[in-house]
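Below: one structure, written as structure tokens.
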Amino acid sequence: MIDINLGENSYKIGFTKDLEIPSKNFVAVISEKVRQLYKFDFENMFILKDGEKEKNFKNYLKILEFCSKRDLKRDGAIVAIGGGVVGDIAGFAASTYLRGVDFIQIPTTLLACVDSSVGGKTAVNTNFGKNLVGTFYQPKAVFINTDFLKTLSDRDFKTGLGEVLKYGFIEKSCLCEEEFNLLNFLDNNSKKILERDEKTLEKIIEICLKLKKSVVEKDEKESGLRRVLNFGHTYAHAVEKLTNYKFTHGECVAAGIEFAFELALKENLIDKNYLFYMQEVMKKFDFKPVPKFSPKKLLPVMKYDKKSDPDGINFILPSDFLTVKEVKYPITIF
Ligand code: GLY
């Protein structure tokens with residue numbers, strides 16, 4: 001059990017083998033794949049097709065109208081059962097339906113377990129880019145059952161590893177009291193991780209969540225420290241959009257990490273040995289390569305990124321071993 005301490009928005013992350021839904025009165029927003037695989041059959045079930053493209057306003061509105069049709073009241077809850085897409089859109093619906101109903105996350109992908117189900121970011125995409133509309137709305141509880149990870153496709157499993165590696169490279173910047181040496185652990189245990197050894201997966205999920213807890217408890221609404229969690233993401237979101245979401249978030253984050261290291265080397269923030277070490281570790285997880293885009297193509301998309309401001313685009317770059325910092329680039333630099 002991990003407690004996320006955020007005053008009145010505090011909640012617990014439970015590790016469980018049972019599907020526990022404490023609210024009697026709820027609408028489940030569930031991934032189509034998960035529903036088919038596990039034959040879930042709830043009374044009020046909104047089934048969402050898989051894929052980032054489903055995280056749109058049309059589906060958001062459909063969820064809200066489904067809740068009204070099923071007479072979900074303010075004392076009810078929306079329960080997300082699926083990966084990041086389901087969690088983000090269901091969370092956005094929960095935060096706005098009747099001005100907010102309880103929200104419960106049951107992540108079924110590695111990516112959702114280690115990152116998106118915790119911390120309260122909700123979102124939908126617009127034609128201008130990824131996650132451009134959303135709220136900070138903490139769940140009431142998160143239940144993690146690692147059995148779900150056994151049925152993920154290799155591609156979906158690896159997309160979660162993109163986020164796990166992100167935590168490895170930013171560990172010191174998370175300012176957590178405990179030291180994990182996550183990157184070293186990933187480097188030494190890649191085989192077990194890729195074989196989805198349960199104990200190993202539980203360990204890396206727990207470490208990532210403790211790192212995330214440390215950051216989110218210090219900066220819930222991303223006014224400063226929380227930006228470190230966007231390591232690799234400015235580039236990733238732009239590539240996801242430019243490829244029309246054909247590449248997964250984790251594949252693009254892995255490419256974003258490499259991009260950030262190359263930029264940091266050019267800026268003399270890191271030395272070559274650290275770049276080589278990053279490449280060596282990343283190679284062990286064999287991420288699907290994503291297409292490279294020229295700055296001319298990237299820039300118009302990056303400029304809509306939430307992290308950009310009128311003077312330029314903000315990147316989180318490695319600045320020391322397991323440490324990152326924010327660097328602003330004026331748009332003219334590209
Ligand atoms: N996924 C980054 C964050 O939760 O801030």
Side-chain angles (χ1 to χ4, degrees), residues 2 4-6 9-11 13 52 55 80 82-92 94-95 103 105 107 109-125 129-139 142 144 156 159-176 182 204-241 245 248-257 260 302 305-308 314-318 324-326:
I2 296 177
I4 304 290
N5 298 310
L6 293 168
N9 295 331
S10 299
Y11 52 100
I13 305 170
E52 190 61 44
K55 212 169 85 186
V85 169
V86 169
D88 283 3
I89 195 169
F92 185 45
S95 71
F103 178 46
Q105 286 264 27
T109 64
L110 181 61
L111 188 141
C113 287
V114 296
D115 194 62
S116 62
S117 68
V118 171
K121 279 188 180 175
T122 79
V124 291
N125 305 326
K130 191 173 162 172
N131 296 346
L132 292 187
V133 176
T135 49
F136 284 100
Y137 193 70
Q138 301 296 337
V142 180
I144 292 180
D156 286 341
T159 193
L161 291 177
E163 286 287 352
V164 172
L165 278 149
K166 172 196 85 177
Y167 281 104
F169 288 110
I170 66 169
E171 176 167 339
K172 285 192 183 158
S173 294
C174 292
L175 309 181
C176 186
L182 175 61
I204 58 176
I205 292 170
E206 199 180 321
I207 296 175
C208 292
L209 290 178
K210 283 184 174 169
L211 292 171
K212 184 149 194 182
K213 165 187 162 77
S214 168
V215 173
V216 169
E217 285 180 354
K218 292 176 183 69
D219 178 21
E220 183 186 352
K221 303 237 166 114
E222 201 170 294
S223 49
L225 178 69
R226 187 163 178 173
R227 294 191 195 141
V228 301
L229 298 180
N230 297 325
F231 180 50
H233 280 57
T234 307
Y235 185 84
H237 285 174
V239 174
E240 282 178 81
K241 170 83 177 75
Y245 302 104
T248 68
H249 180 58
E251 286 159 1
C252 296
V253 168
I257 292 174
M302 283 178 173
D305 190 278
K306 292 184 296 310
K307 298 171 286 301
S308 72
N314 295 309
F315 286 97
I316 307 297
L317 300 184
V324 289
K325 72 171 190 182
E326 190 170 39

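When reading the values below, keep in mind they use all heavy atoms of this one structure, side chains included, and skip hydrogens, waters and symmetry mates. Atoms within each ligand, like the ligands themselves, are counted from 1 in listed order.
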*asked:* I want to know if ligand 1 touches Asn230 in the polar sense, i.e. an N/O pair below 3.5 angstrom.
replied: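 No, no N or O pair falls under 3.5 Å.
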
_Below 3.5 Å, N or O to N or O, backbone or side chain included: is there any such pair between Lys166 and ligand 1?_
no

*asked:* Give me the atom names and distance for the closest heavy-atom approach of Gly129 to Tyr245.
replied: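 In this case the closest contact between Gly129 and Tyr245 is C-OH, 3.8 Å.
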
*Would you call Asp115 and Lys166 a salt bridge, taking side-chain N to carboxylate O under 4.0 Å as the test?*
yes

*If you have a sec, work out which protein heavy atom is nearest atom 1 (N) of ligand 1 and how many Å separate them, to one decimal?*
Asp115 OD2, 2.7 Å

*Examine the side chains of Lys55 and Asn131 and answer whether a donor and an acceptor come within less than 3.5 Å of each other.*
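Looking only at side-chain atoms, Asn131 and Lys55 do form a donor-acceptor pair, the distance falling under 3.5 Å.
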
*Where's the contact between Lys212 and ligand 1, heavy-atom distance under 4.0 Å: side chain, backbone, both or neither?*
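The answer is the side chain of Lys212.
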
*asked:* Using side-chain contact (heavy atoms from CB on, under 4.5 Å), reason through Ile205 and Leu110 one step at a time and then give a plain yes or no.
replied: CA-CA 8 Å; Ile205 292 170; Leu110 181 61; 4.0 Å; yes

